[in-house]
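Just so you know, ligand 1 is whichever comes first in the structure, and atom 1 is the first atom listed for that ligand.
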Amino acid sequence: MPSKNLKIRKPNANDGVAIHQLIENCPPLDLNSTYLYLLQTTHFAETCVVAEVEGKVAAFLSGYIKPGSPNTFFLWQVAVGDVLRGKGMAKQLINEVLKRDACSQVEFLETTITPDNQASWGLFRSFAKERSAQLEDKVFFTSEQLGGEHEEEVLVTIGPF
Ligand SMILES: CC(C)(COP(=O)(O)OP(=O)(O)OC[C@H]1O[C@@H](n2cnc3c(N)ncnc32)[C@H](O)[C@@H]1OP(=O)(O)O)[C@@H](O)C(=O)NCCC(=O)NCCS
């Protein structure tokens, strides 16, 4: 991991445009509007993480405490740019957010993964193994519910940990 000039921190509104660009460069992630990323960097800053290298946003994790389930962190998107990929950064971002006060009651992590996203399956299986936690999966949104041209989204639940 390049510790030099690497900073891991909460996001703020000045990061919105850079996060939008990062996600655009990280297929197969769905690209949301800059406005959506601005809401995440402000209202949801306590449960989102930015990694910057030499002052530039190089990785981003977004998520929130699931409404009505204070023990569940829902991870929305995690994106690691080329400069940091394959060095443990995605797992570091997950561990970083789970350490925060906002996640003090969290025992489960939920996320959704499309069946073909091997990197994402690899990441979450590895995370579950590290935490010695169970991983369960079931279809959450069907392709039809997503408009027909998008793969189904499988809900992955990891925990308790
Ligand atoms: C998925 C992604 C976030 C992984 O980031 P990363 O920092 O390279 O991942 P890490 O180095 O922390 O790797 C974590 C685990 O995932 C596994 N993994 C990472 N990339 C993988 C790949 N392409 N295929 C299979 N497994 C992979 C690693 O082997 C590692 O497991 P290990 O520690 O047991 O060996 C990154 O590839 C990415 O941004 N992809 C595009 C966006 C995306 O699909 N995001 C996930 C859906 S929200």
key: Check: N117 and E151 side chains under 4.5 Å, non-hydrogen atoms   = no
message = Just to be sure I understand the cut-off, which residues have at least one non-hydrogen atom under 4.0 angstrom from an atom of ligand 1?
response = C26, P27, P28, L29, Q77, V78, A79, V80, R85, G86, K87, G88, M89, A90, K91, N117, Q118, A119, S120, G122, L123, S126
query = Do the side chain of H20 and the main chain of N32 share a donor and acceptor less than 3.5 angstrom apart?
reply = yes
Test item: S62 side-chain N/O and W76 main-chain N/O as donor-acceptor pair under 3.5 Å = no
Identify every side-chain donor-acceptor pair in residues 123-141 under 3.5 Å, counting partners at least two apart or on other chains, and give the distances.
| unit_1 | atom_1 | unit_2 | atom_2 | d |
| --- | --- | --- | --- | --- |
| S126 | OG | K91 | NZ | 2.6 |
| E130 | OE2 | K91 | NZ | 2.7 |
| R131 | NH2 | N95 | OD1 | 2.7 |

message = Under a 3.5 Å distance rule, please check whether Q77 uses its side chain to pair with a backbone N or O of F60 as donor and acceptor.
response = no
ask   = Are the side chain of W121 and the backbone N or O of T114 linked by a donor-acceptor pair below 3.5 Å?
value = yes
